[in-house]
Each structure stands twice: as C-alpha cells, then as structure tokens.
Amino acid sequence: MDFRLTEEQEMLAETVEALLRESCGSADLRRMLDESAARDTQRWEAIVAMGLPGVMAPESLGGSALGATEMALIATACGYWLLPEPLVEQAGVVLPMLAELDAALATRAIAGEIVAIGHPTHPFVADADSAVALLLADGEAIHLVPRDAVTLVRQPSFDPFRRLFRVDWTPSAATRIGHGSAVQVFWDKALDRGALFGGAQVLGVAQRAVDMAAAYAKERQQFGKSIGGFQAVKHLLANAQIKIEFARPVVLAAAASDASEHNRARISHARLAAAAAADIATHAAVQVHGAMGFSWEVDVHFLLKRATALSQAWGTAAFHRQRVAAHVLSAKLGPDCTFGAAGQREMLHEVA
Amino acid sequence: MDFRLTEEQEMLAETVEALLRESCGSADLRRMLDESAARDTQRWEAIVAMGLPGVMAPESLGGSALGATEMALIATACGYWLLPEPLVEQAGVVLPMLAELDAALATRAIAGEIVAIGHPTHPFVADADSAVALLLADGEAIHLVPRDAVTLVRQPSFDPFRRLFRVDWTPSAATRIGHGSAVQVFWDKALDRGALFGGAQVLGVAQRAVDMAAAYAKERQQFGKSIGGFQAVKHLLANAQIKIEFARPVVLAAAASDASEHNRARISHARLAAAAAADIATHAAVQVHGAMGFSWEVDVHFLLKRATALSQAWGTAAFHRQRVAAHVLSAKLGPDCTFGAAGQREMLHEVA
Amino acid sequence: MDLRYTPVEQAFRAEVRDWLDSHVPRAPLPDFDSTSDGFEAHREWERTLHKGGWSMVTWPQAYGGRGLDLIRWLIFEEEYYRAGAPLRVNQNGIFLLGPTLIEYGTSEQKARFLPAMAAGDEIWAQAWSEPTAGSDLAGVRATATREGDDYILSGHKIWSSRAVHADWAFGLFRAPGSERHKGLSLILFSLDAPGITVQPIKRMDGKPVFAEIFLDDVRVPVANRLGGEGEGWSVCMSTAGFERGLMLRSPARFQVAAANLVDLYRSRANQADPALAASVMQAWMDADAYALSIYATASRLMAGGAIGPETSTNKIFWSELDLDLHRTALALLGAEAELTTDAPDRAANLGDWLDGYVFSLAGPIYAGANEIQRNIIAERMLALPRG
Amino acid sequence: MDLRYTPVEQAFRAEVRDWLDSHVPRAPLPDFDSTSDGFEAHREWERTLHKGGWSMVTWPQAYGGRGLDLIRWLIFEEEYYRAGAPLRVNQNGIFLLGPTLIEYGTSEQKARFLPAMAAGDEIWAQAWSEPTAGSDLAGVRATATREGDDYILSGHKIWSSRAVHADWAFGLFRAPGSERHKGLSLILFSLDAPGITVQPIKRMDGKPVFAEIFLDDVRVPVANRLGGEGEGWSVCMSTAGFERGLMLRSPARFQVAAANLVDLYRSRANQADPALAASVMQAWMDADAYALSIYATASRLMAGGAIGPETSTNKIFWSELDLDLHRTALALLGAEAELTTDAPDRAANLGDWLDGYVFSLAGPIYAGANEIQRNIIAERMLALPRG
C-alpha cells in the first residue's frame with residue numbers, strides 16, 4: 001500500500017502543466033474565440049509531439065502505455081488550464097477503445113487526428129466537426145463512421161469552447177466494427193473513463209477557480225484593505241479548497257484501481273466529488289471577483305461554464321448518484337473495505 | 001389585505017412574554033429538574049389565572065375565543081422561554097377539540113387540569129402522568145379515558161422537560177366519545193394545530209438561540225476582542241436570523257388563514273421552515289458558545305433538545321415535506337395564488 | 001391581520017389583468033441590452049404602460065402614477081409577471097431613483113424628472129460603482145467641483161446597467177478633498193452631456209449589459225443635485241433608499257420562476273434524481289416565504305412604519321433563492337443544461353434557464369454584496385460589534 | 001502508487017483480527033466518564049491491549065509499541081473499530097501526548113512516561129483550555145514559576161477530558177509576566193499532586209465528561225517540562241503536534257458510523273423522506289474520501305514527508321461529516337430521535353445515535369474551533385493575508 005505519486009508521475013504532470021501554462025493562457029483562449037477556431041494548431045502539435053494523445057495506448061501502436069493515474073494527472077492539468085482541444089477525451093476514452101478496435105486509426109489518432117465519440121448516454125457528440133471519423137452507437141453495435149458520411153448540426157453550449165453537434169447518420173454494415181452483447185463492455189468502459197477523466201479535469205477547474213479568486217482577493221482593496229483579509233472571503237475560499245482536498249484522493253484512488261463494481265462506484269464518487277468541488281469553487285470565485293466575476297473580460301466565467309458542461313457529461317449527476325447508491329445499498333461496507341471488499345476477503349483467506 | 005398584528009395581539013404577546021420572563025428563567029428551569037417536578041405549580045397557576053389554556057375556547061365555556069394568530073404568538077413565547085408546562089398543546093390542540101366533544105371537561109381544562117392527547121401519528125403521549133384524562137385513538141374512534149384507567153411507561157427524552165409515555169389501555173364503549181369517519185376530521189385538525197403551534201413554538205426556540213448566542217458573543221473575549229466582532233461569528237448568526245425572518249411570516253400566514261388544502265400545505269411549510277431555522281440557530285448557538293455550548297451548565301442545550309423534539313412531533317419532517325410536495329405538484333401555482341388559488345378565482349369571477 | 005383581498009383590491013387585480021391581457025405583446029421583445037432596437041421596443045412598451053396609467057402605480061397622479069398603496073403595487077406586479085410582460089427597461093429610474101426623488105426632490109425636480117420617467121421619455125441608468133468602489137461604496141472618487149450654479153463632474157463609473165442606451169444616469173460624487181461618507185452628493189446627469197464617454201461591458205454571456213461611464217469635466221447645474229450638498233450618503237441610505245430594498249425584486253418574479261421549476265420537475269420527474277425533488281419544493285417554499293414577508297413589510301410601511309435591516313435580509317434571501325432555484329433547474333436539465341437558446345435541439349418550451357442562471361449569479365453581488373448585508377444584519381439586528 | 005495491501009499488511013490485518021476476535025469484551029464496558037468502575041474497566045482493557053502488544057503499534061518496541069508504520073496503524077484502527085472494541089480511555093496520552101514525547105522528550109522522560117502510558121498504568125488527561133483561553137490558546141494565564149529545579153504551577157484549566165479519574169495531565173504554563181505565544185512551557189503534572197483540585201463538569205447529557213483543574217501552588221520538578229523552557233508553543237504546534245491531526249480521529253470510526261447509517265436507512269427506506277437518501281450516500285462518500293485522504297497522508301509521512309495545513313482540512317472535514325452523519329440519523333429516526341437509550345420502547349438494535357450526535361457536536365469546537373482552522377487554511381494554503 002503506497003498512496004503516493006511516483007516521481008515519474010509527478011514529472012509528467014509538471015511537464016504537461018508547463019506546456020499548457022505557456023500555450024494556454026488567457027490571451028491564447030481569447031484569440032481562439034475571436035477566430036472561432038476549433039483548435040490552436042500550434043498548441044495541438046506541441047501536445048501531439050509530447051505524445052499525449054497516446055499516453056494510454058499500447059507501445060505497439062506508438063503509445064506510452066501509461067495508466068489511468070497518469071491520464072488523470074494530465075486531465076487535471078487540462079482542466080486547470082481550460083484546454084479547449086479534446087485531449088482528455090481522445091487520450092482517455094477514444095484511444096483505449098480504438099486500440100482494441102482499429103489499430104490503424106489508433107495510430108493516426110496518436111498522431112493528432114481526432115476521432116469523435118458519441119456515447120449512447122449523451123444526445124450530442126463533441127468535436128465532431130474537426131474529426132476524421134466518429135465512433136457511434138446503433139443499438140448494441142459500434143460503428144466507425146467517416147466524417148463525410150454524417151451531417152452535423154451545431155448545438156451551441158454555454159461553454160464557448162465546447163463544440164457539440166447532433167449527428168445525423170445512417171448505420172450500415174460497412175461502418176459496423178463491433179456488435180453483439182460483448183460490445184456493451186466497450187461502451188461501459190468508455191463511460192467509466194469519460195467520467196473518471198472528466199472528474200479529474202473538473203477537479204483542475206476547481207483548483208484554478210480557487211487560485212484565481214485567492215490571487216484577486218489579495219490584490220483587490222475595499223474598506224482600506226485587501227478583501228482577502230476578510231474572514232468571509234477567507235472562509236468561502238477555504239471551504240472550496242477543502243472540497244478539492246477531499247475530492248483529489250478519490251479521483252486518484254479511482255484511477256489507480258482496477259475495474260470492478262467497487263471501483264465503478266468510486267469513479268462515480270470521484271466525478272460527483274470533483275463536480276461538487278468545482279461547483280462550490282467556481283461560484284465562490286464569481287462571488288469574490290464581484291462584478292468582474294460575471295463580466296466577459298475576466299476568465300472566471302470560462303471556469304464556471306466548463307464546470308457546468310463537464311458536470312453533466314459522461315453520465316449526469318443523477319446517474320452517478322444512482323450508481324453510488326446501488327453500490328452502497330448492496331455491497332459489504334466497513335472500514336476494512338476501503339480498497340474493495342471481495343479482494344480483501346480472498347487475500348485474508350489465502351493468508352489464513 | 002393587512003398583514004400586521006393588531007395592537008391587541010401585540011399586547012397579548014407582550015403580557016405572556018412578561019409572565020414567562022419573570023417565572024421561567026434559567027433558575028426556575030433548573031429547580032424543576034432538581035425536584036423532578038412535572039410542573040411548577042405557581043407558574044401554572046399564573047398561566048391559568050391569565051386564562052391562557054382557554055385562549056381559543058369559546059366564551060360560553062369561559063374561554064377567550066381568540067384565533068390561531070393569538071395562539072401562535074403565545075406558542076412562540078412558550079418556545080422562547082422554554083416553558084416546560086404543556087400550555088401549547090392544551091390551549092392550541094386539546095381545548096379546541098374538547099370544546100366540541102366534552103364541554104364539562106373543557107371547562108376544567110380551562111381551569112388548569114391537564115388532558116393529554118395521543119395522536120395516531122405519534123407512538124407516545126406527552127404529559128400523560130399529570131393528566132386527569134387522555135384523548136386516545138382506537139382505529140377511527142376517539143376515546144376519552146380517565147388517567148387511572150391507563151398504565152403509563154415513561155420514555156425518557158433527550159429533552160429533560162419532555163414527559164413522554166407509552167399508554168397501555170383497553171378501549172371500551174364507555175370511554176368512546178366519537179366514532180365513524182366524521183371523527184377523522186378531529187384528528188386531522190389536531191394534527192394541523194399541533195404542527196402549526198409546534199412550529200410557532202420552535203420559532204421561539206430559534207430566536208432565543210440567536211439572542212443567547214449574540215449576547216454571549218458580545219461578552220466573550222478571544223484574541224483581544226469580543227468574538228462577536230469576527231465576521232465568521234457575525235455571519236453564522238446573521239444566517240440563522242435570516243432563516244427566522246423568513247419562517248415567521250409563514251407561521252403567521254398559516255395561523256391567520258382558514259383551513260383549506262392550500263393552508264394545510266402552508267402549515268407544513270411553516271413547521272418545516274421554523275424547524276429548519278431552529279436547527280440552524282441552535283447549532284450556531286452551540287458553536288458560538290464553544291465548549292460552554294455543550295456543557296450542562298449553560299442553557300443552550302435545552303434549546304437544542306427542545307428543537308430536536310418539536311421538529312419531529314405532530315408529524316415528522318418527512319410527513320410535512322410530503323404534504324408540501326403533494327400540494328405543489330397538484331395545485332395551481334403562481335404569483336396570484338399566494339393567498340389561495342380557489343378563493344382567488346371565485347372572487348375575480350364575482351368582480352368580473 | 002386580515003389576509004383576504006378587499007373587493008377594491010380584487011377589482012384592481014381584475015382591471016390589471018384585463019388591461020395586460022389586451023396589451024402585453026404576444027411575441028417577446030428583443031432584449032433591451034443587446035441592440036438599440038430592443039431598447040427602443042422596450043421604451044415603446046414603457047410608453048404603452050404609461051398611456052394605460054400603469055407605469056408606476058404607487059406614484060402620485062400628478063407625476064404619472066395612480067397614487068396607490070403598496071399592496072396594490074404587489075398585486076400589479078403579480079399580474080405583470082403572471083402575464084409574462086416585458087422586463088422594465090426603466091427599472092433604475094422607476095424603482096430606484098423614483099422613490100428617492102419623491103422623498104428628497106424639490107417640486108421643480110419632481111416636475112422635471114418624474115413625468116418623463118413615467119412616460120418612458122427618459123430612461124435611466126444607475127452609476128453607483130467605480131473601479132475602486134464596489135461593496136465599499138464610500139470609496140467613490142469621482143468629484144463634483146462647484147462652480148457657481150454648476151458642478152463640474154469628473155471620474156469613472158463602472159457596472160452601470162442600461163447606460164449603453166439610456167438617456168440619464170445618477171450617481172454619487174464627492175467634493176474635492178472630502179473623504180469616505182462625507183462630502184458626497186447624489187447628482188443626476190444626462191448621458192448626452194459633453195465630456196461623457198460610455199463604453200459597453202460584456203456580461204459573461206457576451207451581452208453588453210453594463211457600461212463604464214467616463215466623465216471628463218462634465219458641467220451640470222446645481223439643480224441636478226438630489227438632496228443637500230454633501231448629504232448624498234444619507235440620501236442613498238435613507239428610508240426612500242431602503243424602499244428600494246422592497247422594490248428591487250418583486251416576489252412575483254420568483255413565484256413565476258418557482259412555478260416554472262415545478263413544471264420542469266414534473267416533466268422530468270421520472271428520470272430526475274429523487275434528491276432534486278427536495279430542492280424543487282424548497283425553491284417553491286422560499287418563493288412563497290419571500291412573498292409573505294414582503295406582504296408583511298408592505299402592510300407595515302402602509303401603516304406608517306419604517307423599513308429597517310430587512311432590506312438586508314430580503315437581499316440575501318431572494319438572491320440565494322434565485323441562485324439555488326436556477327442551479328436546481330440546471331441539475332434537472334442534466335446534459336441539456338449547457339445548451340443555449342440558440343441550440344436547434346433545445347426543447348423550445350423549456351424557458352431560458354441558462355439566462356436566468358447567469359442573471360441570478362449577479363444577485364449575491366450587486367446592490368451591496370451579501371457579505372456586506374450579513375455584516376449589517378449582525379450589527380443592526382443582533383447588535384454585534386463592528387469588529 | 002499501489003493501492004494493494006502487501007502480503008505483510010494482509011498478514012498483519014489477519015493477526016489483529018484474530019487477536020481482537022478472542023479478546024474484545026462481548027458486553028460493552030460501562031462508559032469511562034460516568035463512574036470510576038467504568039474508568040477502571042477501560043484501564044483494564046488498556047492493560048489487556050498492552051499484554052497483547054497492541055496498545056500503540058507505531059511506538060518503538062522499547063516503550064511498549066511494535067515499531068510499525070502508519071499504514072499498519074490504519075489497518076489496526078480499521079480492525080479495532082470493525083470489532084467494536086472499547087473506546088481508548090488513554091487517547092489523550094497515546095494519541096496526543098505520546099507522539100510529542102517521542103519527538104521532544106529526553107530519554108529519561110520517554111523511559112519514565114511512555115511505558116506506563118502504553119501499559120495503561122498511567123491514564124492521561126489533557127489540560128489545554130482555560131476560561132479565557134479557548135480557541136485563542138495563546139491566551140493561557142496559568143503560570144509556572146521557576147524555583148530551582150522545580151516549577152510552582154498556579155492557574156485554572158477547564159474542559160479537561162478524562163481529568164475526573166485520570167492520573168496525569170499535560171498543559172501549557174507561562175513564565176510570570178510573559179505574554180501570548182512567548183514564555184510558554186509544556187508541563188506534565190500528576191493529578192494527585194498537592195494543591196490540585198479537580199471539579200467535574202457535566203456535558204449536556206449529564207455525563208461528567210470534562211473537568212476543571214484548579215492548580216494552587218503545585219510543585220513539579222523541572223524534569224516534567226517537555227521541550228525547552230518557553231518553547232511550549234512551538235512544541236505544541238510542531239510536526240509531532242501536527243501528527244495529532246492524523247491520529248485524532250481515525251477514518252475507521254466514520255466508516256463504521258456510515259455503514260451503520262446505511263443499515264438504519266435500509267431498515268427505514270420505506271417510510272423515509274426520499275431526500276434523506278442523498279444525505280446517507282453523502283455520509284458514506286465522505287467517510288470513504290476521508291479514509292482515502294488519510295491513506296495518502298500516511299503514505300507521504302512514511303516516505304519522510306511533513307504534515308502541513310491538512311491537519312486543518314482534516315479537522316473540518318471529519319467534524320462536519322460526523323455532525324451531518326448524526327443529524328441524518330436523527331432525521332431518519334423521526335419521532336423516535338428524541339428517545340434516550342433508557343427508553344423502554346426504543347429498539348435495542350438501533351445503536352446510540354443520540355450519544356454519537358452529542359459527541360459530534362463537540363467536533364467543530366474542540367482542538368481549535370473550525371473557524372480558526374478555516375483561517376489557517378486561507379492563510380497557509382491560499383496565502384491570504386492575516387486580515
């Protein structure tokens with residue numbers, strides 16, 4: 001039992017962090033919006049050059065074969081820096097799926113091409129416009145559909161960097177790449193990964209909100225002193241930070257554990273806890289910024305909007321609460337079950 | 001439309017307030033506990049002399065025939081001063097019921113004798129030990145049973161002034177004073193009155209908690225100043241006061257309106273809002289008092305305990321939330337329906 | 001205490017309802033902040049209201065009102081929101097400045113400003129905040145330098161709602177060299193005056209809902225000062241000022257929103273998180289409690305009472321209720337929560353919960369941040385020390 | 001990061017479980033505050049634990065421990081709570097004073113105090129607070145006047161848990177004339193020493209859980225001072241002091257409570273308010289999150305890391321989780337919530353939620369009120385100014 005990041009994991013996180021700090025600042029984001037661009041080519045190339053889309057892909061395909069913990073750290077950095085490009089979804093959800101379904105396309109996706117994914121739980125598909133192909137569901141079947149075989153209808157989101165589309169398409173045998181009940185496991189894993197890494201991402205959003213608010217509170221003067229000195233402001237931000245502190249280990253534990261019913265509930269817990277932290281943190285940030293906080297010119301609203309969008313994607317909050325409840329009401333609970341009850345019992349048996 | 005107390009109502013509230021301030025202080029309460037007394041004879045006699053048990057009873061029986069608003073004001077004062085004697089239940093619930101069922105006993109109850117009531121929604125009967133008789137339910141029937149015809153088993157409450165009992169008794173034709181489906185309305189009205197005046201009472205508890213905490217916060221020094229000067233303490237108590245401010249008009253409106261489905265939902269709303277205010281206020285008072293707040297020697301815990309008990313009596317919180325939900329999901333809602341939708345429509349019709 | 005409407009009140013409600021039924025535009029007007037067309041459409045609506053005698057029912061008839069009491073104002077508001085009538089583009093004038101003018105204005109000022117305000121001929125912006133004076137309003141730096149019968153105004157106001165298109169504005173200006181609460185005067189100025197530059201500020205949704213106002217030696221007559229010279233702080237904080245606490249948000253607004261929330265919940269109860277039912281019911285109860293509280297305050301004021309720190313309890317209560325209500329709506333919408341009204345696949349009958357949410361975010365901040373209001377409650381209602 | 005228990009850890013868990021299965025008293029012991037019989041029964045249990053080598057698994061073997069790491073301490077605690085073993089009457093000693101003694105004590109002090117503590121021969125009370133020094137601990141007034149090789153202690157300590165029956169106590173005393181954080185020394189004193197009067201204080205439920213300690217010229221040797229003279233503040237606030245933040249409440253406690261809450265909910269789900277399901281699940285998730293967080297901290301400390309402001313985040317999180325959990329339980333109990341364990345009609349298998357609730361009320365207050373902890377988080381984690 002060792003609940004610490006390795007040095008390699010911490011270095012990876014710092015490297016990604018540094019790349020985004022350099023390339024994904026406020027001016028970069030606002031330039032993209034002014035240009036209505038789907039992505040910043042230079043930044044995406046740097047991300048690809050660093051091998052990030054393939055971070056979870058097998059080495060045989062040119063990936064780094066790293067685990068969910070590494071991916072969660074990358075996702076948190078993406079959330080913190082409000083990265084508009086779909087790295088989290090590509091690296092965390094699409095590539096692990098493609099690696100098993102279409103090696104050639106996986107290689108292209110590692111090289112930076114986008115493959116969008118339309119999960120059965122969500123009515124829309126993100127980033128479909130800049131994708132070369134789309135993973136789509138038709139009943140139990142998985143289809144891989146070229147971009148030019150679908151019609152897209154843009155669905156504007158509160159988050160101006162989200163590119164959501166309704167996808168109109170006609171399933172055919174030619175595009176079907178998997179079917180039968182065995183295919184469900186792909187969609188289930190995609191949902192778990194989407195929820196887990198989306199949770200990690202929104203945790204980054206939460207921390208950025210607290211950091212921005214704390215920086216502003218130190219600077220902003222009212223009543224002859226910096227507002228960060230007022231207990232009301234201090235406690236508001238302290239409460240948000242506490243939520244973050246107790247969401248982070250859940251996200252990390254969910255990432256570091258194997259797939260199991262126990263861990264699926266923990267993924268849901270991680271998503272809920274991170275989203276709750278982001279909800280509190282982004283609203284606190286708006287409040288601390290005062291009128292600045294609901295103006296377009298300060299970046300706080302980008303955080304609020306990203307949190308709103310991510311908190312309901314890859315399974316709504318209701319869905320994840322339901323999944324936690326189902327686990328809690330049926331599983332063996334207790335202080336010896338923190339890391340899974342079943343494994344625990346087996347190992348005790350072996351020892352005894 | 002005039003949502004103000006009359007001068008007479010304000011005077012009545014002040015008179016009761018003055019009586020309780022004089023006779024129901026901390027020393028009085030603690031003396032009662034030391035003596036394990038069911039009531040303070042002198043105080044109860046003063047209450048009876050003031051005619052309070054008969055405040056809602058008809059004048060023909062020697063009552064004052066005042067309304068629910070007056071009774072709610074009295075209940076709030078009883079809550080504020082933590083009155084141990086069952087004035088609220090006697091005057092607000094038992095006497096209106098007796099007045100219709102047993103005039104002779106009603107007259108005796110106005111004169112200070114206790115008639116306990118065992119409502120079908122609650123497993124226990126309060127103050128059964130000092131009662132001369134008990135109103136009890138057997139299926140749909142109402143029974144009036146002499147004290148010596150029942151066996152009592154005391155059920156100690158968290159609130160040391162509560163005297164709860166399981167009542168063992170055998171229904172007989174001799175004790176039955178009402179039966180058939182028409183009787184249900186008595187129990188329904190009793191529940192509404194119990195909930196309404198219990199809500200008013202717990203509102204008084206809430207205000208007392210804020211007042212005690214504010215007084216202590218002004219006096220208690222830490223870090224070289226009075227703790228009431230710290231924003232954390234100020235905001236904690238301000239939040240409790242806000243809850244009180246927005247529970248009070250609901251209690252008063254529920255008291256001032258006629259019985260109707262609309263008003264039954266408002267009674268539930270009043271009880272829930274007052275109990276929520278008391279929950280927040282008593283916990284804030286404990287927190288502001290620090291260790292003093294959970295010691296026996298400071299009265300704050302009496303408030304906390306009374307709030308705990310009253311918040312689940314005369315219908316649990318779940319029951320009242322359910323009743324609000326049933327109304328909200330079926331009634332006509334909107335800004336023109338504040339004082340009832342049906343009457344509203346009729347009167348508009350008349351005018352038109 | 002009598003919670004029944006009188007026949008007169010009932011008749012009034014019927015009259016309001018009839019008039020609104022036949023005058024409220026069928027199609028919603030374009031919003032008044034985004035374009036001058038939308039602004040002028042709302043001005044036209046103010047004129048229509050005025051023609052019907054509805055622009056401000058509590059004002060004296062001499063100034064374009066009906067001289068009615070606050071209960072009838074509440075009834076009017078209930079019917080107004082019930083009918084889905086347009087937002088009041090002149091709310092800074094009629095609800096904020098108007099009552100202060102009626103209490104502090106000279107007869108000349110009342111005659112000059114109130115009828116034009118009631119008629120929609122002059123639409124008002126507020127100009128309270130400055131970059132360094134937000135919650136700490138006494139930190140304003142803009143100056144009014146006296147020159148004979150004129151003031152020369154200089155300074156920089158910000159977060160002025162309606163200022164992009166409005167005709168007039170009001171704000172606090174200080175005598176040069178004065179400090180904090182002293183030396184302030186409340187001054188009205190035309191937004192067309194030479195020396196004024198108005199710069200729109202976009203809200204988070206991109207709409208130019210606010211503006212900065214730069215004042216560079218703007219000359220206004222002393223007659224534009226409301227109340228005594230140097231008495232601006234107490235004019236703002238006075239009884240009339242406090243009445244704003246009553247009129248700033250009429251309860252009907254939240255009752256309509258709560259009823260819509262209940263409808264949204266009903267339409268999604270099957271797939272909704274059962275825990276959200278509690279939030280929906282709480283929103284409805286809070287809107288009801290707010291309405292009852294305002295009826296109680298209105299009754300007291302009508303009987304000659306003064307409004308006190310309940311302006312602070314009201315402000316906190318409605319702003320938190322509004323925010324909670326909209327967050328509950330977004331939670332009910334689930335994956336659809338993020339869709340803007342432009343989204344083709346968004347159900348048209350949903351109402352614009354996102355827009356309401358954005359609006360509700362400002363509630364705990366403007367008109368004195370809730371943190372300041374809590375201080376006021378603790379100090380004035382609970383007599384806690386200033387700390 | 002490896003979240004699997006090693007075979008050694010698994011074997012350790014099995015060993016703990018086996019031992020507890022055969023030693024934990026079948027019937028609960030009478031509580032240790034109400035009577036000296038209860039106190040002595042718990043002292044006997046401490047002795048039993050010590051004989052098994054379980055009294056404090058992280059202490060060096062030389063002082064009665066097993067020299068194990070923090071992960072195994074967590075496993076021990078999990079099994080301990082899982083088995084429903086008695087509360088630790090010596091928790092002030094083993095969890096609070098012990099780690100500080102190990103870091104700051106001289107070898108003589110360690111040899112003198114730790115084995116007797118581990119064996120249950122000396123049970124410790126804490127004596128932090130004074131009537132004027134609660135959250136503001138630097139406000140202590142009790143003095144330690146140096147006389148050669150002795151100190152003469154005078155003063156008035158309050159809210160001392162266990163002091164009614166315990167053998168020893170520790171607290172801060174100041175050099176006469178010193179102020180605030182300076183001149184304080186951490187001093188250990190026998191509660192039998194001449195000049196000491198212990199006066200029980202009843203908790204709200206009537207149990208004498210606390211005491212006042214009056215010290216009237218109590219003579220103790222200088223050797224009873226832990227750490228340097230005048231360095232008491234930094235000794236208390238030091239790393240060892242912070243470790244208290246880890247050991248003060250082991251996560252297992254809340255995980256057991258959360259599992260019991262789930263059972264209570266299961267048994268009442270039919271009649272329960274559906275909104276309460278959300279509170280029940282939240283309590284379970286919070287207990288889980290707290291456990292994971294403590295595992296992360298323990299792992300970091302084992303690798304040589306230092307504990308920082310997470311003692312404050314932990315304190316707030318567990319205290320609020322505990323209070324919310326118990327309030328949810330009372331809400332589930334409905335009309336039965338108010339019944340004490342004495343009530344004949346109270347279902348015996350319910351667990352004593354009221355007692356847990358009363359205990360949980362103290363959480364946000366003691367060991368530094370949560371308001372103080374929030375200041376610490378804002379200042380140390382977020383670098384906000386002291387204000």
Side-chain angles (χ1 to χ4, degrees), chain B residues 1-6 9 67 69 210-211 213-215 217-218 225-226 228-231 233-239 241-250 252-253 255-257 266 269 272-273 321 324-325 327-329 332-340 343-344 347-348 350-352, chain C residues 1-7 9-11 13-14 17-18 71 75 77-79 81-82 251-253 255-256 258-259 262 265-266 277-278 280-281 284-286 288-293 295-296 298-300 302-303 310 312-313 316-317 371 373-375 377-379 381-387:
Chain B
M1 175 66 58
D2 185 3
F3 200 143
R4 280 179 311 147
L5 298 176
T6 62
Q9 288 168 334
T69 304
V210 171
D211 290 353
K218 265 177 273 190
K225 67 180 198 180
S226 111
F230 288 100
Q231 229 177 6
V233 172
K234 287 168 123 160
H235 289 196
L236 192 67
L237 295 180
N239 285 340
Q241 189 64 44
I242 291 166
K243 290 279 179 196
I244 294 170
E245 295 301 321
F246 289 90
R248 195 187 295 117
V250 185
L252 289 175
S257 302
R266 180 159 286 154
H269 175 188
L272 290 167
R321 255 194 286 272
V324 169
H327 171 72
V328 166
L329 292 174
K332 180 173 174 295
L333 306 177
D336 55 330
C337 302
T338 308
F339 298 99
Q344 193 64 36
M347 293 189 79
L348 270 176
E350 273 171 46
V351 168
Chain C
M1 184 168 286
D2 185 348
L3 302 188
R4 292 168 306 176
Y5 293 109
T6 63
E9 288 161 349
Q10 292 289 348
R13 183 185 295 278
R17 190 173 292 190
D18 282 347
I71 295 293
I75 293 170
E77 290 283 299
E78 288 168 2
E79 292 301 317
Y81 278 97
R82 186 183 169 282
R253 180 193 188 100
Q255 292 178 299
V256 167
V262 169
Y265 174 76
R266 268 206 210 96
V280 172
M281 297 313 150
W284 182 83
M285 285 192 280
D286 287 348
D288 189 52
Y290 182 61
L292 293 172
S293 163
Y295 266 95
S299 298
R300 207 161 47 65
M302 281 163 61
E310 58 260 57
S312 294
T313 56
I316 291 173
F317 194 78
E371 288 76 13
Q373 307 301 338
R374 287 195 171 85
N375 288 349
I377 293 166
E379 290 160 16
M381 294 180 85
L382 308 178
L384 292 177
R386 280 185 165 267

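Here is how names work: the chains are called A, B, and so on, in the same order as the sequence lines, proteins then strands, and each is numbered from 1.
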Student: Heavy-atom cut-off 4.5 Å, strictly under: side chain, backbone, both or neither for C/Ile316 against chain B?
Tutor: side chain
Student: Given that the side chain runs from C-beta out, which part of C/Met285 has a heavy atom under 4.5 Å from chain B: side chain, backbone, both or neither?
Tutor: both
Student: If you round to the nearest 0.5 Å, how far is OG of B/Ser257 from CE of C/Met1?
Tutor: 9.5 Å
Student: How far apart are the closest heavy atoms of C/Ala289 and B/Val250, and which atoms are they?
Tutor: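 For C/Ala289 versus B/Val250, the nearest heavy atoms are CB-CG2, 3.6 Å.
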Student: What part of C/Ala298 gets closer than 4.5 Å to chain B, counting heavy atoms only: side chain, backbone, both or neither?
Tutor: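 Looking at C/Ala298, nothing touches chain B.
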Student: Mind listing the closest non-hydrogen atom pair of B/Gly229 and C/Pro385 along with its distance?
Tutor: N-CG, 3.7 Å
Student: Is any side-chain heavy atom of B/Asp336 closer than 4.5 Å to a side-chain heavy atom of C/Glu79?
Tutor: yes
Student: To the closest 0.5 Å, what do you measure between CG (B/Leu329) and CE (C/Met281)?
Tutor: 4.0 Å
Student: Who among C/Met302, C/Arg386, C/Gln373 has the most heavy-atom pairs with chain B under 4.5 Å?
Tutor: C/Arg386
Student: Find the distance between CZ (B/Phe246) and CZ (C/Phe317) and round it off to the nearest 0.5 Å.
Tutor: 5.5 Å
Student: Need one label for B/Arg266: side chain, backbone, both or neither, based on atoms under 4.5 Å from any heavy atom in chain C.
Tutor: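 Contact with chain C: side chain only.
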Student: I'd like to verify something: which residue of B/Gln241, B/Met1, B/Arg321, B/Arg4 has the highest number of heavy-atom pairs under 4.5 Å with chain C?
Tutor: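 Maximum pair count with chain C is reached by B/Met1.
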Student: What distance separates B/Arg248 CZ from C/Leu292 CG, expressed to the nearest 0.5 Å?
Tutor: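 Reported to 0.5 Å precision, the distance equals 13.0 Å.
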Student: Return the minimal non-hydrogen interatomic distance between B/Ala214 and C/Leu382, and the atom names on each side.
Tutor: CB-O, 4.0 Å
Student: Working to the nearest 0.5 Å, report the span between OG1 of B/Thr69 and CG of C/Asp2.
Tutor: 10.0 Å
Student: Is any side-chain heavy atom of C/Ile377 closer than 4.5 Å to a side-chain heavy atom of B/Glu245?
Tutor: no
Student: Please determine, among B/Leu5, B/Asp211, B/Leu236, B/Asn239, the option with the most heavy-atom pairs under 4.5 Å with chain C.
Tutor: B/Asn239
Student: Just verifying a value: how many Å separate B/Lys234 NZ and C/Arg374 CZ, rounded to the nearest 0.5 Å?
Tutor: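 Atom-to-atom, B/Lys234:NZ and C/Arg374:CZ are 13.5 Å apart.
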Student: Closest heavy-atom contact between B/Asp2 and C/Leu3?
Tutor: O-CD2, 4.3 Å
Student: At a heavy-atom separation under 4.5 Å, does C/Ile71 approach chain B through its side chain, its backbone, both, or neither?
Tutor: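 Side chain only.
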Student: Measuring heavy-atom distances to chain B, does C/Glu371 have an atom under 4.5 Å in its side chain, in its backbone, in both, or in neither?
Tutor: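 Both backbone and side chain.
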Student: Of all heavy-atom pairs between C/Leu384 and B/Ala217, which one has the smallest distance, and what is that distance?
Tutor: CD2-CB, 4.1 Å
Student: Where on C/Arg266 is there a heavy atom nearer than 4.5 Å to chain B: the side chain, the backbone, both, or neither?
Tutor: side chain
